[in-house]
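Single-structure report; data block below.
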Amino acid sequence: MRTPIAKVTPGLEHAKVVGFVHEIRDLGGLTFVLLRDRTGILQVTVPKKRVPPGVAEAVRSVSRESVVVVSGKIAATEKAPGGRELVPSSFEVVSRAESPLPLDVAEKVPAEIDTRLDVRFLDARRPRIAAIFEVRSAVLHEVARFLHRHEFVQITTPKIVAAATEGGTELFPIAYFEKEAFLNQSPQLYKQMMMGAGFEKVFEIGPIFRAEEHNTTRHLNEATSIDVEASFADQEDVMHLLEDLVSSCYGHVAATCADALGRGGFEPLDVPRTPFPRLPYTEAIEIAADGIEEPIGFGDDLSPAAERAIGEEMGGHYFVVDWPTAIRPYYAMPYDDDPSLCRAFDLMHPRMELSSGAQRVHDHEMLERQLVAKGLDPASFEFYLRPFRYGMPPHAGWGLGVERFVMTMLGLSNVREAVLFPRDRHRLVP
RNA sequence: GCCCAGGUAGUGUAGUGGCCUAUCAUGAUGCCCUGUCACGGCAUCGACUCGGAUUCGAAUUCCGACCUGGGCGCCA
């Protein structure tokens, strides 16, 4: 039976291990082969004169990153990494790797992200990269667990939609038989319709598509969104839910990914403390105005420079609340006493925006008015507006970008690092 | 979409008109080497994105194409 490398301890007598050849150091009569599986690295020590001839020959001819099956005696020794080494009685090359490699998995020579993404399967063999995706998996697992525990129903909604229903961002057009269709930018309208269906609490984890021609380290054209919507809830309720979820994800990653983070060279995570500060938009603008060169005032969106200036001031996660109605989508609920402000919020990490949400407009007439105010035609929103005429509970929700969440959690410099196969302005393959 | 930067061995780089038969590292191949952990030593292999122009001479200057990175705009 095969033993994962992390389980190969000095106390074992014999083990069979499988993995990739990470490095070969041939000292002449003695060869060290570092064998890597996803749990760690094991030194295979080959004294040429004291192993079967077939083993010595296989070790001599094997190439880096080949897949091998090795079994032999485990010896406890101070001289080997991890305090143990394997002296092989058999060394079988299952799949020989071509040479030269398009990427140095052992990380002696760095590679640019573009080179790395071209051969992502090799890039992902690096413990640091594997750790990122172990963390991403743990985050998604915890999100689902957390929301299920809070009695949310997981839904999936169409990614092929009929029209550019929300305005704003550009959509990718596709051919849908004889009709024109688009890739969906957000499950927003669908999750709201499910409030009309009486599901009360829903969430979706799924892809969203944005046809923006940006070229930055924090934008993707295909991203993964965690979307939540809850009935009989206001913006404060869903902000509580969001900050608890964020904190809970950090906690779960810290608890379950410590080994992977260590192998990948990441520092242990600090779990952010809740509640996160609530910074009113007007105060955020004041901080930004003091901190940046460009002029900024009420009614402006927060530029990346403004976000960084405010983030520096705040130091950790925070919410920007009470936004001008004019710069939020039509479905954000204005305050009764001052309709120029609305019940919308953004969740910010000091480096960038992670999530945005709001209490929604649930009144049919008000929703129609706001659509018109944004220059949209209510007629083309009929499928969305209809549920608002047959009993729509008050509701609130948010969307959280998985890639940015993982990126800020691990301090990654480029959002592409947080997706296996990113889709950006230029990349469609692999 | 606008702006900036860039494209040199498999990978990462040096190279601002002749000293380039192109640097260094890593890698691959061969030889030596029994405790390496970025093993060491010796030798060899391997590259100027493409097309045009200027010039006696272009990796280097200019024009175009293609490709890429980044910033901004935009991002319900």
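All chains are named by letter (A, B, ...) in the order of the sequence lines, taking the proteins before the strands, and each is independently numbered beginning at 1.
- Residue A/Arg328 is classed as having no contact, given no heavy-atom separation below 4.0 Å to the nucleic acid.
- For the pair A/Glu382 and A/Arg389, the salt-bridge criterion is met [side-chain N within less than 4.0 Å of a carboxylate O].
- Separating the NZ atom of A/Lys79 from the P atom of B/rG35 is a distance of 8 Å, rounded to the nearest angstrom.
- At a threshold of 4.0 angstrom between heavy atoms, the contacts of A/Thr31 with the nucleic acid are absent.
- The CZ atom of A/Arg60 sits 17 Å away from the P atom of B/rU34 (whole-angstrom rounding).
- Here A/Pro102 lies in heavy-atom contact (under 4.0 Å) with sugar-phosphate atoms only.
- Mapping A/Pro304 and A/Ser225 onto RNA chain B by nearest heavy atom places A/Pro304 at the nucleotide closer to the 5' end.
- In this structure, A/Leu171 atom CG and B/rC74 atom C1' are separated by 14 Å, rounded to whole Å.
- Across all strands, A/Glu107 comes closer than 4.0 Å to no nucleic acid atom at all (heavy-atom distances).
- Within the nucleic acid shown, A/Arg416 comes within 4.0 Å of sugar-phosphate atoms alone, with no base atom in reach, counting heavy atoms only.
- Nearer the 5' end of RNA chain B, as judged by each residue's closest nucleotide, is the contact made by A/Glu112, out of A/Gln43 and A/Glu112.
- For the pair A/Arg427 CZ and B/rC67 C1', the computed distance is 12 Å after rounding to whole Å.
- As judged by a 4.0 angstrom heavy-atom cut-off over every strand, A/Ala80 is placed among the base-contacting residues.
- Here the P atom of nucleotide B/rA76 and the CZ atom of A/Phe172 are 15 Å apart, to the nearest Å.
- Contacts of A/Asn414 with the nucleic acid, taken as non-hydrogen atoms under 4.0 Å apart, involve only primed sugar atoms and P, OP1 or OP2.
- Computed from coordinates, the A/Glu213 CD to B/rC3 P distance equals 14 Å when rounded to whole Å.
- A 4.5 Å side-chain heavy-atom check between A/Arg423 and A/Leu428 finds at least one atom pair inside the cut-off.
- Here the CD1-CD1 distance, from A/Ile129 to A/Ile132, works out to 4.0 Å after rounding to the nearest 0.5 Å.
- Closest to the A/Leu27 side chain, of the nucleotides B/rC72, B/rG35, B/rA38, is B/rG35.
- Comparing B/rG70, B/rA76, B/rG27 by their closest approach to the side chain of A/Pro100 singles out B/rG27.
- When side chains are defined from C-beta on, A/Leu241 counts as touching A/Trp398, because their heavy atoms get closer than 4.5 Å.
- Under the Watson-Crick or G-U wobble criterion, with both distances below 3.5 Å, B/rC2 is paired with B/rG71.
- Among the heavy atoms of the strands, none lies under 4.0 Å from A/Asp301.
- Residue-to-nucleotide contacts include a donor-acceptor pair under 3.5 Å from the side chain of A/Glu85 to the base of B/rG35.
- Looking only at distances, no side-chain donor or acceptor of A/Lys374 sits under 3.5 Å from a matching main-chain atom of A/Pro329.
- Pairing of B/rC42, defined by two Watson-Crick or G-U wobble distances under 3.5 Å, is identified with B/rG30.
- Base-pair partner of B/rG18: B/rC56 (Watson-Crick or G-U wobble, both distances under 3.5 Å).
- Proximity note for A/Asp114 (side chain, C-beta onward) versus B/rA28, B/rC72, B/rU68: the nearest is B/rU68.
- For A/Asn215, the side-chain atoms get nearest to B/rG69 when compared with the rest of B/rG69, B/rU34, B/rG27.
- Among the heavy atoms of the strands, none lies under 4.0 Å from A/Arg36.
- A/His219 contributes a side-chain N or O that forms a donor-acceptor pair with the base of B/rC75 under 3.5 Å.
- Classification of the A/Tyr190-A/Phe383 ring pair by plane angle, with boundaries at 30° and 60°, yields tilted.
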